[in-house]
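Report on one structure; see the data block that follows.
Residues take their numbers from the sequence shown, with the count starting at 1. A quick note: this is a predicted structure, and the numbers were derived from the prediction, not measured.
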Amino acid sequence: MSTKDGSSDRHRAVSAAVRRYPQFELTIHRLMDRNESFRDICEELADAEVALSKVDEAPPALREARRAEWQELVDRLVGEVGAAVLNTDAARRSGINPWPPR
């Protein structure tokens with residue numbers, strides 16, 4: 001992530017994951033503490049969401065292509081976060097489906 005403040009980076013990453021899977025907030029915090037790969041996925045998701053939110057600043061000729069690219073990346077990363085959450089013992093025991101509603 002581009003900020004120098006690690007706690008800000010972590011907060012944005014956690015927020016990105018929790019927005020998609022609020023029922024697994026505690027699991028997400030635990031994974032952030034214990035799993036560097038999960039942290040990286042969440043940070044990438046936060047960055048991709050920011051890029052998607054700024055796509056209207058792109059030149060008109062590129063806007064829709066960029067929007068599709070960023071949306072595809074966000075969707076892929078959301079799926080990776082969900083898979084990681086689903087693979088935790090706590091999630092399996094809860095019986096809750098981690099996939100967000102569409």
Side-chain angles (χ1 to χ4, degrees):
M1 300 195 118
S2 59
T3 65
K4 293 180 183 177
D5 181 3
S7 65
S8 176
D9 291 348
R10 179 186 167 90
H11 178 73
R12 284 181 351 117
V14 167
S15 293
V18 170
R19 266 193 311 278
R20 304 301 179 131
Y21 302 101
Q23 70 274 35
F24 290 107
E25 184 172 2
L26 181 59
T27 300
I28 289 166
H29 281 278
R30 287 180 177 160
L31 283 168
M32 289 291 290
D33 290 339
R34 299 177 186 158
N35 187 318
E36 185 176 347
S37 295
F38 183 77
R39 259 191 320 273
D40 290 345
I41 292 167
C42 292
E43 289 173 356
E44 288 178 35
L45 175 58
D47 288 342
E49 286 178 339
V50 168
L52 181 59
S53 74
K54 294 181 178 185
V55 77
D56 288 334
E57 298 171 12
L62 300 174
R63 197 169 293 153
E64 289 311 309
R66 295 295 177 260
R67 185 182 323 277
E69 290 171 3
W70 285 116
Q71 186 62 60
E72 181 180 326
L73 180 58
V74 166
D75 292 345
R76 181 180 60 79
L77 292 167
V78 166
E80 290 182 28
V81 169
V85 168
L86 183 63
N87 286 327
T88 65
D89 287 337
R92 284 193 297 270
R93 284 192 306 265
S94 75
I96 298 173
N97 182 355
W99 306 112
R102 294 233 171 206

How far apart are the closest heavy atoms of Ala16 and Glu49, and which atoms are they? CB-OE1, 3.5 Å

For the side chain of Ser53 and the backbone of Val50, is there at least one donor-acceptor N/O pair under 3.5 Å apart? yes

Distance in Å, Thr27 OG1 paired with Tyr21 OH, rounded so as to fall on 0.5 Å steps: 12.5 Å

Separation of Ser7 OG from His11 NE2 (nearest 0.5 Å): 9.5 Å

Do Val78 and Arg19 touch side chain to side chain, with heavy atoms closer than 4.5 Å? no

Gap between atom CZ of Arg39 and atom CG of Asp9 - 0.5 Å precision: 11.5 Å

For residues Glu25 and Val14, determine if any side-chain heavy atom of one lies less than 4.5 Å from a side-chain heavy atom of the other. no

Please test Arg66 against Glu69 for side-chain contact (heavy atoms from CB on, under 4.5 Å), starting from the C-alpha separation and ending with a verdict. CA-CA 5 Å; Arg66 295 295 177 260; Glu69 290 171 3; 3.3 Å; yes

Are the side chains of Val74 and Arg20 in contact, using a 4.5 Å heavy-atom criterion? yes

Salt bridge present between Glu80 and Arg76 (N-O < 4.0 angstrom): yes

Arg67 meets the salt bridge (Lys or Arg N to Asp or Glu O under 4.0 Å) criterion, sequence neighbours left out, with Asp56, Glu64

Value for CG (Asn35) from CG (Asp40), rounded to nearest 0.5 Å, stands at 9.0 Å

CG (Leu73) and CD (Glu44) are apart, to the nearest 0.5 Å, by 7.0 Å

Atom pair CG (Leu77) and CD (Glu72), whose distance is rounded to the nearest 0.5 Å: 10.5 Å

Considering residues, nucleotides and ligands other than Gln71, do more than 12 of their heavy atoms fall under 6.0 Å from its CD? yes

Arg30 side chain near Thr88 side chain, heavy-atom distance below 4.5 Å: no

Closest heavy-atom contact between Ala17 and Val81? CB-CG1, 4.1 Å

Hey, does Met32 have a side-chain heavy atom less than 4.5 Å from the side chain of His29? no

